[in-house]
2 protein chains.
Amino acid sequence: MGKARVQGRHAGLTRGHVLEAAVRLADRDGVASLSMRKLAAELGVEAMTLYHHVRNKQGLEDAIVEHVLAESLRPPRAGASWQEVVAAHADELHRGLNRHPGAVILFATRPAVTPATLVVLESLLRVLRDAGFAPRTALHLIYAVASAVVGQHLAADGAAATPPDAVLIAADGLPVVAAALADGPVTVESRIEVTVTALIAGFETILARDENRPRGMDPPARGTGLE
Amino acid sequence: MGKARVQGRHAGLTRGHVLEAAVRLADRDGVASLSMRKLAAELGVEAMTLYHHVRNKQGLEDAIVEHVLAESLRPPRAGASWQEVVAAHADELHRGLNRHPGAVILFATRPAVTPATLVVLESLLRVLRDAGFAPRTALHLIYAVASAVVGQHLAADGAAATPPDAVLIAADGLPVVAAALADGPVTVESRIEVTVTALIAGFETILARDENRPRGMDPPARGTGLE
DNA sequence: CTTGCATCACTTACGACGTAAGACTATCAT
DNA sequence: ATGATAGTCTTACGTCGTAAGTGATGCAAG
């Protein structure tokens, strides 16, 4: 009786609000500490309410990935060389992850093959094909760049979690490691820049090699020792 | 009062047993579904008992990473070229992750700078330095390869989680994507092989470039567009 | 206007999780 | 015999995702 309950009054919550708050909380505290209850509290609502706007927690995480990618990736600039296009793509991805550090781990887990990202992929592949790459090789190139960027972010985040002193102490008696760490910390930016530069240069030589061997011939014959 | 309790009878549990069981469960069901309680049950023991052999769950995960790395990485073969050494290192890492698929995600999270891995790193860096690489560049090379291998495994696992049909359907109207996916699935092996090949080729050109510019000069001047 | 219904919100509840605190017991050095 | 130590179990707390059910709101059809 008494107890004027106001339950159920529509709060005007939309999927957009939920997602925005989710990204904000993930950025602030990391996605690991993001829970349906905390997110609901942030929105002034009960936990179960969120399930009207999101299938479940995994759906929420997928949506975060999609959101970050959508706001980060742009179609390749017309008239740019394939090297510039690939470098720009890596840069966009890197900036997106930098803008949402707490969400990086999601990119390692969720595949992120949504229509929107596939469209971007298509345009990237088209540039590469026009430059002479076989479609399969072009796909490998994009995969390599994306994995490298995400991987470097993950590794850098993990490294940031351990105090650098501990590493330096552990590196005692290991002169080359010490020398490599001597001049300043290794930043994500430098890691990504070097990696992407190397990948582009590497695929330049792969492209040159493949163009000199026009039609269906044998694989690279003992390239890396991987099988 | 009655109730012949048999609690506390030493079960002869060791850290090695705990770790071995943890790796086994992680391999079977994935590390995400590994809990202290399940692990304890697997060992015929109560959950809290594990805390006498492991600091906490994170410590357990770190130990899993360490264990996999220790059983996978080998010191570089004497007399091999730096390219062979790097390729072999990538291959060892890849095989290790292949052997323990459920634990891959841990390699994205935990930094894995233990004394043992640092020793391996030192020997790798020594080979690269002897080949003419600056220590910092050598470190970037190893980081790039490790991140690429882990990143490709993660991406491949994520991709395996989504049914390939869905991707093919989504790729409808995207001719280049479709063409790239046309001849068979993209395996982890091929992704890693191509990436590592490209990285090695790329660092070959970086090495050649740096050797022609011996002492401290400007950075590559608009290399990738990353800053 | 009334009636019905889909939508949004809330409540309660369940089983799982990591782990702090403490009690018990077996083993071994003194 | 006497402690000390280390391995084990019990209980408990707070958190998590979410299934199931209840109630209120606002809109559309009669």
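In what follows, chains are A, B, ... by sequence order, proteins preceding strands, each numbered from 1. Just so you know, these numbers use all the heavy atoms, side chains as well, and skip hydrogens, waters and symmetry mates.
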Value in whole Å for how far the P atom of D:dT18 lies from CG of A:Leu50: 11 Å

Whether A:Thr49 contacts C:dC8 is assessed here as follows: a side-chain N or O lying under 4.0 Å from the phosphate OP1 or OP2. Is that the case? no

Of B:His52 and B:Arg55, whose nearest nucleotide on DNA chain C comes first from the 5' end? B:Arg55

Gap between atoms CE and C1', on B:Met36 and C:dA20 respectively (whole Å): 13 Å

Please evaluate residues B:Phe203 and B:Trp82 with respect to the criterion ring pair (Phe, Tyr, Trp, His ring centres under 6.0 Å), reporting the C-alpha separation (whole Å), side-chain torsions for both, the decisive distance (0.1 Å), and the verdict. CA-CA 11 Å; B:Phe203 274 94; B:Trp82 70 264; 7.6 Å; no

Please give, in whole Å, the distance from D:dG23 C1' to A:Glu46 CD? 14 Å

Take the protein atom CG of A:Leu34 and the nucleotide atom P of D:dC16, then report the distance between them rounded to whole Å. 10 Å

Side-chain N or O of A:Ser35 closer than 4.0 Å to phosphate OP1/OP2 of D:dT15: no

If you compare every side-chain N and O of B:Lys38 against the phosphate oxygens of C:dA16 (OP1, OP2), does one of them come in below 4.0 Å? no

Tell me the interatomic distance from B:Leu13, atom CG, to C:dA26, atom P, rounded to whole angstroms. 17 Å

Tell me: CG of A:Leu39 to C1' of D:dT18, nearest whole Å? 15 Å

Polar contact flag, side-chain donor to acceptor under 3.5 angstrom, A:His94-A:Glu189: yes

Pair B:Arg77 + B:Glu84, salt bridge at N-O below 4.0 Å: yes

Which whole-number value in Å describes the distance from B:Lys57 NZ to C:dG18 P? 4 Å

Expressed in angstrom and rounded to an integer, what is the separation of B:Met48 atom CE from C:dG18 atom P? 11 Å

Output yes when a side-chain donor or acceptor of B:His53 lies under 3.5 Å from a complementary backbone atom of B:Leu13, and no otherwise. yes

Residue closer to the 5' end of DNA chain D, B:Thr14 versus A:Arg37 (nearest nucleotide): B:Thr14

